[in-house]
Amino acid sequence: MIEVSHVSRNFGDFRAVNDVSFSIPTGQIVGLLGPNGAGKTTTMRMITGFLSPSDGSVKIDGIDIAENPVEAKKKIGYMPESAPLYGDMIVEDYLKYIAEMHGEDPSVKVPALCAECGLKEVMSKNISELSRGNRQRVALAHALMHDPEILILDEPTSGLDPNQVEDVRAIIREIGKTRTVIISTHILSEVETLCSRAIIISGGKLVADSSIENLKNSIGTSSSVYLTFARSSGKSAAEAVELAKAIEGVAAVSVNDIHDGKEELVISVNGDVEIRPQLIKKLVEAGFDIYEAAQSKNSLEDVFHALTTTESAAEGASNEQ
């Protein structure tokens with residue numbers, strides 16, 4: 001269990017984190033999101049004990065990390081974005097060294113982590129010769145060496161190719177079955193794929209804390225319909241817009257001029273209403289030629305943009321966990 005209570009952090013006159021509170025129970029994978037400079041890295045550093053809060057407290061399983069840092073940190077594994085590995089060491093020697101530093105038996109821990117993190121093929125290689133993906137695996141093994149209950153990962157798949165990304169995600173999913181995991185990343189699809197919950201920080205403040213599904217349903221409309229039709233001298237886009245607006249559940253309609261004599265209606269829909277059959281019927285009866293009508297659910301990217309670019313959206317964000 002992680003408990004962050006009214007935490008703030010000042011750097012001189014600048015307040016990087018301002019009165020942030022949340023708790024994370026054991027066994028949850030949570031995405032910590034925010035634009036550059038939002039305060040999320042500072043928040044992670046306070047959770048791990050690298051920085052002390054100017055105000056508030058951080059507790060790890062009830063242990064205040066400021067009052068008893070050694071005991072609290074024993075429960076945390078941390079993988080920073082640029083993991084500080086010793087490039088001149090062989091992978092196996094490095095992991096044995098880390099095991100001994102933690103008071104673990106290298107003959108037991110190193111083979112186990114080699115298997116868990118997929119390091120079998122590189123154990124005899126120099127760390128400086130590894131690809132970024134394999135360096136990330138070594139850093140993950142380092143973070144897991146003392147079998148922490150909590151794992152904090154800063155941009156774990158940054159700079160990896162698609163195959164490496166999927167490999168690291170698979171490892172994180174497996175780890176998340178038995179541990180609490182916090183992932184800080186700019187890759188929002190990664191949060192949708194791995195996490196059950198997202199915490200969003202903007203301007204040093206907590207602006208949202210909810211399940212992914214609740215977040216996607218909390219901002220504006222819950223889905224959009226994209227309908228492509230033929231541009232015709234006899235039929236105007238304005239007429240198509242008015243026909244769409246007359247359908248129950250439609251919140252807003254706009255038109256995009258695309259290409260090859262086609263135009264696109266972009267229709268924001270409230271709730272889970274399926275408007276496409278009625279919309280297509282209306283337009284066909286009015287003489288429009290329809291190419292396609294696709295529906296897209298509100299994405300986490302839409303939510304992130306709304307919460308981190310407007311004051312009003314931030315004030316209206318859901319805080320339901």
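Owing to the predicted nature of the structure, the values given are computational and were not obtained by experimental measurement. FYI, side chains are in, hydrogens and waters are out, and symmetry mates aren't considered; it's all heavy atoms of this structure.
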Exercise. Is any NZ, NE, NH1 or NH2 atom of the basic residue among Lys75 and Asp61 found under 4.0 Å from an Asp or Glu carboxylate oxygen of the other?
Worked result: yes
Problem set entry | Euclidean distance, Met46 CE relative to Thr41 OG1, rounded to 0.5 Å | 11.0 Å
For this session: Answer yes when Glu285 and Lys282 have at least one side-chain N-carboxylate O distance shorter than 4.0 Å, and no when they do not.
Result: no
Exercise. Do the side chains of Leu160 and Leu188 join up, straight or via other hydrophobic residues, at under 4.5 Å, putting them in one cluster?
Worked result: no
Exercise. Residues two or more places apart in sequence or in another chain: which of them pass ring pair (Phe, Tyr, Trp, His ring centres under 6.0 Å) with Phe50?
Worked result: Tyr78
For this session: Quick one: do Arg137 and Asp167 satisfy side chain to side chain contact (heavy atoms under 4.5 Å, CB included)? Show the steps, please.
Result: CA-CA 9 Å; Arg137 292 169 184 264; Asp167 288 344; 2.9 Å; yes
For this session: State, with a plain yes or no, whether a side-chain heavy atom of Leu32 is found less than 4.5 Å away from one of Met44.
Result: yes
Exercise. Is the number of heavy atoms from other residues, nucleotides or ligands within 6.0 Å of CD (Glu301) greater than 12?
Worked result: no
Exercise. Under a 4.0 Å N-O cut-off, is there an ion pair linking Glu100 with Lys96?
Worked result: no
Problem set entry | Lys/Arg N to Asp/Glu carboxylate O, Arg169 vs Glu190, below 4.0 Å | yes
Problem set entry | Non-neighbouring partners of Gln28 that pass side-chain contact (heavy atoms from CB on, under 4.5 Å), sequence neighbours left out | Ile24, Pro25, Val30, Ser196, Arg197
Seminar exercise, completed: Interatomic distance, CD1@Ile76 vs CD@Glu149, rounded to 0.5 Å, equals 10.0 Å
For this session: Quick one: pull up OG1 in Thr185 and CD in Glu81 and give me the separation to the nearest 0.5 Å.
Result: 9.0 Å
Seminar exercise, completed: When Thr228, Leu283, Leu279 are each screened for side chain to side chain contact (heavy atoms under 4.5 Å, CB included) with Ile290, the one that passes is Leu283
Exercise. Once you round to the nearest 0.5 Å, how far does NZ of Lys120 lie from SG of Cys114?
Worked result: 8.0 Å
Exercise. If you measure from the Lys or Arg side-chain nitrogens to the Asp or Glu carboxylate oxygens, is any gap between Asp161 and Arg132 under 4.0 Å?
Worked result: no
Exercise. When you check the side-chain N and O atoms of Gln136 and Thr157, is any donor under 3.5 Å from an acceptor?
Worked result: no
For this session: Report, as yes or no, whether the 6.0 Å neighbourhood of atom NZ on Lys109 holds more than 12 heavy atoms from other residues, nucleotides or ligands.
Result: yes
Exercise. Just how far is it from atom CD1 of Ile187 to atom OG of Ser184, taken to the nearest 0.5 Å?
Worked result: 10.5 Å
Seminar exercise, completed: The side-chain contact (heavy atoms from CB on, under 4.5 Å) partners of Val266 (sequence neighbours excluded) come to Tyr226, Ser254, Asn256, Glu264
For this session: Indicate yes or no: at least one non-hydrogen side-chain atom of Leu265 is less than 4.5 angstrom from one of Val225.
Result: no
For this session: With sequence neighbours excluded, tell me which residues meet side-chain contact (heavy atoms from CB on, under 4.5 Å) with Tyr97.
Result: Tyr86, Met89, Met101
For this session: Salt-bridge test for Arg15 and Asp55: reply yes if a basic N is under 4.0 Å from a carboxylate O, no otherwise.
Result: yes
Exercise. How many angstroms lie between atom CG of Leu33 and atom CG of Leu307, to the nearest 0.5 angstrom?
Worked result: 10.0 Å
Problem set entry | Phe11 six-ring centre to Arg9 NZ/CZ under 6.0 Å and within 45° of normal | yes
For this session: Run the numbers on Ile199 and Thr43 for side chain to side chain contact (heavy atoms under 4.5 Å, CB included), then give the verdict.
Result: CA-CA 11 Å; Ile199 294 169; Thr43 300; over 6 Å; no
Problem set entry | Any side-chain heavy-atom pair of Met79 and Ile152 under 4.5 Å | no
Seminar exercise, completed: Hits for ring pair (Phe, Tyr, Trp, His ring centres under 6.0 Å) against His102, two or more places apart or cross-chain, chain-then-number order -> His146
Problem set entry | Close side-chain approach of Leu95 to Met123, heavy-atom, < 4.5 Å | yes
For this session: Flag the pair Asp105 / Val110 as yes when at least one side-chain heavy-atom distance between them is below 4.5 Å, and no otherwise.
Result: no
Exercise. Is the NZ or CZ atom of Lys262 positioned over Tyr291's six-membered ring, under 6.0 angstrom from the centre and within 45° of the axis?
Worked result: yes
For this session: With the side chain counted from C-beta on, respond yes when Phe229 and Asp289 share a heavy-atom pair under 4.5 Å apart, and no when they do not.
Result: no
Exercise. Is there a side-chain contact between Ser8 and Val20, using heavy atoms and a 4.5 Å cut-off?
Worked result: no
Seminar exercise, completed: Residues at least two apart in sequence or cross-chain that pass side-chain contact (heavy atoms from CB on, under 4.5 Å) with Arg135, listed by chain then number, are Leu85, Ile127, Leu130
Problem set entry | Within-4.5 Å side-chain heavy-atom neighbours: Ile183 and Leu151 | no
